[in-house]
Structure formats: structure tokens, C-alpha cells
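Structure record follows, encoded as C-alpha cells.
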Amino acid sequence: MTKLIAIANVVAWSGFWAFGYLALTADINDTVQMVTALVLAAIGGGLGMLAYFWLVRHSEATGYARPANRAVKREDDQIQGEVI
């Protein structure tokens with residue numbers, strides 16, 4: 001499953017860059033082509049981000065990658081008094 005998500009990640013980012021380039025280089029008078037390429041690039045970018053974040057979470061959960069440094073919330077970390 002991880003390899004399938006990794007392949008989807010590569011394909012999605014490739015689509016993002018390819019259709020993003022087409023959207024940027026499209027003729028200004030041809031708005032249909034520009035908008036279509038922009039929508040496909042946005043879909044590719046969104047799917048690429050989702051797949052990348054899934055891969056990061058999976059690699060941290062399985063121990064392949066070290067988890068990111070995150071602050072631990074303390075119990076006594078409460079706001080006292082007024083906040084300006």
C-alpha cells in the first residue's frame with residue numbers, strides 16, 4: 001500500500017508541474033485551456049500533498065523516520081488573568 005501511495009504521490013506532483021506549466025504558458029485569449037489546466041494542476045497539487053502527508057505519517061508511525069520535534073502540552077500551561 002505504501003508503494004502505491006508513493007507512486008500516486010509522484011504522478012500527482014508530475015501532473016501539478018505539467019499542468020501548472022500549461023496553465024502559465026497558455027494563450028491569454030484561450031481562457032478555457034488556461035482554466036482547465038489550472039484546475040488539473042490544483043487537483044494534482046492537492047492529491048500530491050495528501051499523499052505526501054500520508055507517507056510522512058506512515059513513516060513516523062512505523063519507525064522508518066524519526067518523529068518531528070513537537071512540544072508537549074503541560075497541564076499547568078494555563079492563561080492566568082487578562083490577555084491583552
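Small disclaimer: the values here were computed from a predicted structure and weren't measured. Residues take their numbers from the sequence shown, with the count starting at 1.
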Pairs in or reaching into [range]: which pass salt bridge (Lys or Arg N to Asp or Glu O under 4.0 Å), with residues at least two apart or in two chains?
range	result
residues 41-54	none
residues 33-50	none
residues 18-45	none

Exercise. Are L40 and L22 grouped together when hydrophobic residues (ILVMFWY) are joined by side-chain heavy atoms under 4.5 angstrom apart?
Worked result: yes
Exercise. Considering all heavy atoms of both residues, which atom of A26 and which atom of Q33 are nearest to each other, and what is their separation?
Worked result: CB-CD, 4.3 Å
Exercise. What heavy-atom pair brings G20 and A41 nearest, and what distance separates the two atoms?
Worked result: N-CB, 3.5 Å
Seminar exercise, completed: Residues passing the side chain to side chain contact (heavy atoms under 4.5 Å, CB included) test with V35, sequence neighbours excluded, are V39
Problem set entry | Approximate separation, where rounding is to 0.5 Å, of L4 CG and N9 CG | 11.5 Å
Output a table of donor-acceptor pairs, distance under 3.5 Å, between side-chain atoms of residues 47-63 and any protein atom two or more places apart or on a different chain; print 'none' if there are none.
unit_1: H58; atom_1: NE2; unit_2: T2; atom_2: OG1; d: 3.1
unit_1: S59; atom_1: OG; unit_2: L55; atom_2: O; d: 3.1
unit_1: S59; atom_1: OG; unit_2: V56; atom_2: O; d: 2.9
unit_1: T62; atom_1: OG1; unit_2: H58; atom_2: O; d: 3.0
unit_1: T62; atom_1: OG1; unit_2: S59; atom_2: O; d: 3.4

Exercise. Going by the ring pair (Phe, Tyr, Trp, His ring centres under 6.0 Å) test, which pairs reach into residues 15-47, not counting sequence neighbours?
Worked result: W13-F16
